[in-house]
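Written below as structure tokens is the structure these notes are about.
These values consider heavy atoms only, across backbone and side chains, with no hydrogens, waters or symmetry-generated copies. Just so it is clear, the structure is predicted and the values come from calculations on it, not from any experiment. Chain naming here is simple, since letters A, B, ... match the order of the sequence lines and numbering starts at 1 in each.
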There are 2 protein chains.
Amino acid sequence: MLISALPVIDQPARRVGALLEHVNRQLRQHSVPALETLGVRPRHVLALTVLRDTGGSSQADLAGLLQMDRTNLVGLLNELETEGWVERRRSPEDRRRHLVELTAAGGELLSRIDFALAAIEDHVLSALDAAQREQLYELLRQAANLEAACTESPDC
Amino acid sequence: MLISALPVIDQPARRVGALLEHVNRQLRQHSVPALETLGVRPRHVLALTVLRDTGGSSQADLAGLLQMDRTNLVGLLNELETEGWVERRRSPEDRRRHLVELTAAGGELLSRIDFALAAIEDHVLSALDAAQREQLYELLRQAANLEAACTESPDC
DNA sequence: TAGATCGTTTGTGTTACGTCAATCATCTAC
DNA sequence: GTAGATGATTGACGTAACACAAACGATCTA
């Protein structure tokens, strides 16, 4: 009787994951047709974006950043290099490593992608005003930046 | 000469999409092993969460919310119903329709999922403090809510 | 009653992975 | 100089999660 009268902690979880996935899906569904006209796939955009934001990366690091198997990354980079969007060069410090960088063509492509995707984001995220959009961007950027450190830790 | 001296508008795009995808990937990579121990897949979580948040839904609406082909949704719901996590019942207003709802078992499972995923989010999103996490949650929730309306519009 | 809608089954195909094995080139430590 | 480790590559295999199409039965609407 007394035990059953105890207050029950029944807080709804403020779990971000499903919401992230949900919004991500919306964006992806709308983005794919636009990307197709540019001859690009979502996973291309992701790699190109990371390469731009990091200024270039070794393949091992890139695989970690993208949370992607290194074998599959080779395939992805083969596609990007074939299209002339990225360039692989041997690192002078360790010739086992490639330094992967955007080419000028890759940078231009990314600008076109940005333009197309900005319109889509305007639409999909129209429930948020400009300040909120900015806020969301900064929060995600901050969250993503720590993830970059996860390539250094086997526990990540 | 004068034209070349004009200021060039060269603002970096504040594009959320790739960041969203990036953080989403991180969360997913970490979540999958935990979900496996619960016998659950990411797409299960998504559907269960949407069903909880909407209080139930027709299949057509659910397909729209999840941005998912209705045929594939049938397969997904078959899995969920087989496990006893959801229940399909004919709508009294239109017997062509199913109303899909979480069962008690489904609700309990979701609580367990929430618990497991909360720890993972704490880790993956550790670059954000509690207030920022809350902020992110609210922004995403707001963004996601308008998306719900997209089931009503062929342009979405 | 005809046409539309909802859900279902079945089938096909694509994409994006994970994983593994083996290999070569290169590095590091002894 | 050598053994073992590392980085990238290729090829193979398998899985999951889709998109899409066709066809069908049940039900609704005009």
Item to check | Closest non-hydrogen atom pair between A/I120 and A/A34, with its separation | outcome: CD1-CB, 3.7 Å

Round to the nearest Å and state the distance from [X] atom [atom1] to [N] atom [atom2].
X: A/D61; N: D/dG7; atom1: CG; atom2: P; value: 9 Å
X: A/D94; N: C/dA29; atom1: CG; atom2: P; value: 12 Å
X: B/R25; N: D/dA16; atom1: CZ; atom2: P; value: 19 Å
X: A/L73; N: C/dA16; atom1: CG; atom2: P; value: 14 Å
X: B/Q26; N: C/dC17; atom1: CD; atom2: P; value: 13 Å
X: B/R41; N: D/dT15; atom1: CZ; atom2: P; value: 11 Å
X: B/E21; N: C/dT15; atom1: CD; atom2: C1'; value: 14 Å
X: A/N24; N: C/dA16; atom1: CG; atom2: C1'; value: 15 Å

Counting just side-chain N and O atoms, does [X] come under 4.0 Å of either OP1 or OP2 of [N]?
X: B/Q29; N: C/dG18; answer: yes
X: B/N72; N: D/dA19; answer: yes
X: B/R95; N: C/dG7; answer: no
X: A/Q67; N: C/dG18; answer: no
X: B/N78; N: C/dG7; answer: no
X: B/R28; N: C/dC17; answer: no

Where the side chain of [X] is concerned, which of [options] is the nearest nucleotide?
X: A/R43; options: C/dG7, D/dA8, C/dA16; value: C/dA16
X: A/M68; options: C/dG18, C/dT26, D/dC28; value: C/dG18
X: A/P42; options: D/dA17, D/dT9, C/dA16; value: C/dA16

Evaluate the side-chain proximity of [Y] to [X]: yes if any heavy-atom separation is below 4.5 Å, no if none is.
X: A/L125; Y: A/V23; value: yes
X: A/L51; Y: A/W85; value: no
X: B/L62; Y: B/M68; value: no
X: B/R41; Y: B/L35; value: no

Checklist entry - Considering heavy-atom distances to DNA chain D, does B/D69 or A/R90 have its closest nucleotide positioned more toward the 5' end? => result A/R90

Next on the checklist: Quick check on DNA chain D: between A/R97 and B/E79, whose nearest nucleotide comes earlier from the 5' end?
Outcome noted: A/R97

Please check if the side chain of [X] supplies one atom and the backbone of [Y] the other of a donor-acceptor pair under 3.5 Å.
X: B/H123; Y: B/A119; value: no
X: A/Q132; Y: A/D129; value: yes
X: B/E121; Y: A/V16; value: yes
X: B/R95; Y: B/R90; value: no

Enumerate the protein-to-nucleotides 21-24 of chain C contacts in which both atoms are nitrogen or oxygen and the separation is below 3.5 Å.
none

Checklist entry - Relative to the 5' end of DNA chain C, which residue comes earlier, A/S91 or B/G75, by the nucleotide with the nearest heavy atom? => result B/G75

Next on the checklist: Taking the axis from the first five pairs and the axis from the last five, what angle separates them in the helix from C/dT1-D/dA30 to C/dC30-D/dG1, rounded to 10 degrees?
Outcome noted: 40°

Checklist entry - In a check of salt bridge (charged side-chain N to carboxylate O under 4.0 Å, His left out) between A/E101 and each of A/R88, A/R52, A/R89, which one passes? => result A/R89

